[in-house]
Amino acid sequence: MDPKLEKPYNPADTESRIYDLWQESGFFQPENLSGDRSKPFTIIMPPPNANGHLHAGHALFVTIEDLMIRYKRMRGFKTLWLPGADHAGFETQVVYEKKLEKEGRSRFGMDRQKLYDEIMAFTLENKKYMEAELKALGASCDWSREKFTLDPAIIKTVYGTFQQLYDDDLIYRGKRLVNWCTKHQTSLSDLETSTETRIDKLYYLQYGPLVVATVRPETMFGDVAVAVNPDDERYQQYIDQDIEVQTPIGSMKLKVVADPIVEKDFGTGALKITPAHDQNDFDLAKRHNLPAIEVIDQFGKLNDKTGKYTGLKVDEARTTVVADLKELGLLIKEEPYEHNVIACYKCGRVLEPRVIPQWFVKMEPLAKPALKAVYDGDIKIIPDFSKKIFTNWLDNIRDWNISRQIAWGIQIPAKICPKCDFGVPDLENKKTTCGQCGSELVQDPDTFDTWFSSGQWPFATLGYPENKDYKNFYPTAVMETGADILFFWVARMIMLGLYRTNQIPFHTVYLHGMVRDGQGLKMSKSKGNVINPIEIVNKYGADALRMALVIGNTPGTAMALAEDKIKAYKHFSNKLWNISRFILSYAPTDNETPTEANLLKEFNELATAVTNDLENYRFYLAGEKIYHYAWHRLADEIIEESKAILATPGEVADTRRQTLRLILGQTLKLLHPFMPFVTEELWQIGKFSTTSSLLIVEDWPHQND
RNA sequence: GCAUCCUUAGCUCAGCUGGUUAGAGCGUACGAUUCACAUUCGUAAGGUCACAGGUUCGAUUCCUGUAGGGUGCACCA
C-alpha cells in the first residue's frame, strides 16, 4: 500500500501539491487537452473585485463554475474558463476612500493622477491575494488568459462600443436630474441606490392664496410653479395665473399650472414645483416649459440664491426655514409622514437630485432584442422564475447614466463644452472646437460607470472582433453569477453583447443566491458571523467547503452555510480516504478477472442519474446522490459484505476485488468535479489511470445520453 | 402599490414532469466497536408537508383564496 495512505487524509498536505500538478499539466488551457474536442464549453468568470479578499459568495461561484468546467472537461469538451479581476470603479474607490480617511487623508484636493496611481497599486496588490485564493479553492481556470478590466485591450473595446452607440444615436449627453451623493461627490445610476423608509414631517405652507404640502420646505427658493390637478374644482380660478408667494427672504412670483400627476387627495392638492431637486417636478417642468433653479450645491448646502440660508446644510436649512415660516405665520400645520427616500447604496446618505450634464444610454432599443432572446429561449435563465423578474425590469427600463465623477475607472473618451454642455466622443483626441457654440472643448473628466465596461466582459475578454479566442469560444456557454447582479450586470451583458456582436453572449444564465450564516442571517462584519473561505479551507479543506456549498443549495435562493455542515463533508473526505484505503490494501488482479455485473449495473444507474442532474444544473441533487452512494451503499454495505468474501482467497474473492477496484475508480471520477483534490490524490495513489496520468482529464463514467 | 419567491422533523434545507411506509446534514436518545475510518456502525424518537377550498382514482407536488415571512421594482409632494 502507498505510504501516503497510512495516515488519515490531510487536505493541508495535499491540496496545494495537487493544484501545482494540474497547473504543470497545462490542462487548464483548452489547447492542451487531448482528443477530438470539437465542441467548446466556455465560462467567463465573473471577475471578483480586486479590492479585498474573497468571501463566501466567491467560494460559491468558484465551486459551481469549477464543477461545470471539470465535468465538461471530462466529457470531452474543449473547456475554457477565463478568469479575471475587476477594478470595480466606484466600489473600489469607496474602499480606498475609507482607507484614506483612516490615514487622515481625503481624496478631495488630491491630484487626480496620483489618486489613480495609488488606487492602482492598491488594486494590483489585492488582485494577487484574490488569485491565490481562487487557486486554494481549486479553480481550474486558464490563468494564461486572465484579464483585468483596465487592460488596454479591454478599454479599446469599451471605447469602440461607446463610439458605435453614439454613432447609432443610442448615447446622448443630457442635462437631466441625476442621483447625486454628497459624500462621494458623484452621480449614481438608478440601480446604485437603495430606498429607505423614513418618517419625516409634512409641512403645510401658505403659498399666496394657496396652501401646499411638502417635506422639503428648504427647496422653496428653487420653486418655479405650483401645480394642481386640472380637474380640481377648488383651484380652477388659479390655473395659468401668477400668484405672489411670500418667503423669509422676500416674495416670489409663481405660476399655477395644471397637471394630471397631481393627486387631488394628497395634502392640499396643490404641489410646489422644484424642478432642480425632484424627479417628478423635473418631468413636470419639462412638460410645461418651466426653468430649473438650483438652490442646493454639490455638497448638499444651500447656495447663494437662498439669501441668509446660504451655506447651511439641507437638514439645518429645513429647521431654520420652518422656524422662520412659523414666525411669519406661513406655516399652517405639520404632521408626521412616512415616505421613502432614495439613498446612496454605499453610505446610506439621502441622495440629492442634481441637474448636471451626463452621458446617457438609451435603453429601450437595447432592451428589446434582449427581451426577445429570453422570450425565444435563446438565453435560458436558471432558476426559471428569475426570467419573470428579468423581463419585468427590462419592460420598464429607463435611460442609463454612465457618467461617474470619480477618478478610478475608465475615462470617458469624449470632449465636452463647458459653455453649452455639448459633448462628443473623441477617441483620437483631435477635437478642439465645440460644434454647437464654437467654444473650446475640454476633455470630459468623468469615468464610465463600471458596469458599462463590465457589461461588455464576455466579448471584450475574448478579444472581439478579430481574436481567435473570440471566434472559437463565443458565444460562451454559461454565465454563472449572483442573483443580486441580474440587472447590474447580466442584463447589461445581454444587451451590449447583442448590440456589439449580434450574438447572444451566453446561452444559459445560472444564478446563485446569497450565502448566509448557519441561521440564515446575512453575513456581516458587525455581526461577526462572516465565514472566511480561506480559513475554512485551511481547517477542513477546499473539498469539504465545496461540498457544503453545493449540496442543499438551489439556484436563486439564499443558502445557509453552517460550519457544522462543512465539518460533515470533511468527515466525508476522510470516509472516501478510508474506503480507498480498504480497497487499495488489496493488490489489483489482472485484467482478465471477471467483475460482478449487478454491482456495476447499480453503479451505472447512479452515474446516469448523476449525469442527468448535472446536465440539468441540479448540482445539489447530483452531489447528494454520489455522497449517499459512496457512504451508505459502497462503504456501509458493499464493503462490509466484502470483508467476509475477501477473507477466503479464490475466484470469488478475486472477482469482488476486481469489482471493488473498478467501482472505486468510477466513483472517484463522478466525485471529481465536486471534490477535486482528494479524488485526484486517490487517483494518483491508486494508479487507476489507463490512458492519462491525471483524473482531471479522465473520461466521464457515463458517456451515452 | 406592482412583481416574485418562500412557509416540509429541534435547527438549516432537499423533494426534478402528482403515485407505494415524506428525505439529507447537524442535533437528540440508546447500544456496539478499535476488524478501512483523529472514529465509525446499528437502532430509535421526532412531521395533520402554514391554513381553507378546488381539480383528480389519488396532491407535499397542479389551481384559487387567506395568513405570515423574504426579495426586487416603482412611487403622492
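As the structure is a computational prediction, the values presented were derived from the model and not from experiment.
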Could you measure between the two P atoms, the one in U43(B) and the one in C62(B), and give it in whole Å? 33 Å
Taking the P atom of each, how far is U17(B) from U34(B), in whole Å? 48 Å
May I ask you to say whether R656(A) pairs ionically with E641(A), meaning some side-chain N is under 4.0 Å from a carboxylate O? yes
What's the closest nucleotide to the D564(A) side chain, out of C26(B), A24(B), A38(B)? C26(B)
Can you tell me, in whole Å, how much space there is between the C1' of A9(B) and that of A22(B)? 10 Å
Quick one: is the NZ or CZ of R176(A) closer than 6.0 Å to the six-membered ring centre of F282(A), and within 45° of its axis? no
Taking U64(B) as the reference, what is the distance to G19(B) when you measure between their C1' atoms (whole Å, please)? 24 Å
Would T195(A) and V341(A) satisfy side-chain contact (heavy atoms from CB on, under 4.5 Å), going step by step from the backbone distance to the final call? CA-CA 6 Å; T195(A) 3; V341(A) 293; over 6 Å; no
Should the pair R546(A) and F674(A) be classed as cation-pi, given the thresholds of under 6.0 Å to the six-membered ring centre and 45° from the axis? no
Distance check, P atoms only: U55(B) and U71(B), in whole angstrom units. 37 Å
Is it true that D223(A) and K272(A) have a side-chain N and a carboxylate O under 4.0 angstrom from each other? yes
Residues R198(A) and E196(A) bridged, charged N to O under 4.0 Å: no
Taking atom C1' in both G23(B) and C30(B), what distance in whole Å separates the two? 23 Å
Distance, rounded to the nearest Å, where F390(A) contributes CZ and C5(B) contributes P: 17 Å
Between P on A74(B) and CG on L351(A), what's the gap in Å once rounded to a whole number? 13 Å
Taking the C1' atom in each of A14(B) and C49(B), what is the distance between them to the nearest angstrom? 13 Å
Candidate nucleotides U4(B), A36(B), A24(B), ranked by approach to the side chain of E624(A) - the nearest: A24(B)
Using atom CD1 of I389(A) as one end and atom P of A3(B) as the other, report the distance to the nearest whole Å. 13 Å
Starting at OH of Y629(A) and ending at P of A24(B), how long is that distance when rounded to a whole Å? 19 Å
Tabulate atom names and distances for all N/O pairs under 3.5 angstrom spanning the protein and nucleotides 40-43 of chain B.
residue: U40(B); atom: O3'; partner: K575(A); partner atom: NZ; Å: 3.2
residue: C41(B); atom: OP1; partner: W631(A); partner atom: NE1; Å: 2.2
residue: C41(B); atom: OP1; partner: D636(A); partner atom: OD1; Å: 3.2

Looking at every strand, decide which applies to Y569(A) at a 4.0 Å heavy-atom threshold: base, sugar-phosphate, or nothing. nothing
Quick one: is the NZ or CZ of K570(A) closer than 6.0 Å to the six-membered ring centre of Y540(A), and within 45° of its axis? no
salt_bridge(E535(A), K539(A)) N-O dist < 4.0 Å: no
Counting only side-chain N and O atoms of N574(A), is one of them less than 4.0 Å from OP1 or OP2 of A38(B)? yes
The residue, V215(A) or T193(A), whose nearest nucleotide of RNA chain B is more 5′ is T193(A)
What orientation do Y617(A) and F619(A) show, parallel under 30°, tilted 30 to 60°, or perpendicular over 60°? perpendicular
Tell me whether the side-chain N/O atoms of N578(A) come closer than 4.0 Å to OP1 or OP2 in A38(B). yes
Rounded to the Å, how far apart are I485(A) CD1 and U71(B) C1'? 16 Å
Heavy atom of residues 535-560 of chain A under 4.0 Å from RNA chain B: which residues? G552(A), T554(A), T557(A), A560(A)
More 5' along RNA chain B: H628(A) or G267(A), using each one's nearest nucleotide? H628(A)
With rounding to the closest Å, how many angstrom separate the C1' atoms on A52(B) and U60(B)? 16 Å
Which of parallel (below 30°), tilted (30 to 60°) and perpendicular (above 60°) describes Y629(A) and F603(A)? perpendicular
Mutual orientation of the aromatic rings belonging to H632(A) and H628(A) [parallel < 30°, tilted 30-60°, perpendicular > 60°]: tilted
Listed nucleotide nearest any side-chain atom of W393(A), set A77(B), A36(B), C73(B): C73(B)
Are any of the side-chain nitrogens in D231(A) or K264(A) under 4.0 Å away from the carboxylate oxygens of its partner? no
Under 3.5 Å, which N/O atoms of the protein pair with N/O atoms of nucleotides 16-19 of chain B?
residue: C16(B); atom: O2'; partner: R618(A); partner atom: NH1; Å: 3.2
residue: C16(B); atom: O2; partner: R618(A); partner atom: NE; Å: 3.0
residue: C16(B); atom: O2; partner: R618(A); partner atom: NH1; Å: 3.4
residue: C16(B); atom: O2; partner: R618(A); partner atom: NH2; Å: 2.8

Does K388(A) place a side-chain N or O at less than 4.0 Å from the phosphate oxygens OP1/OP2 of C5(B)? yes
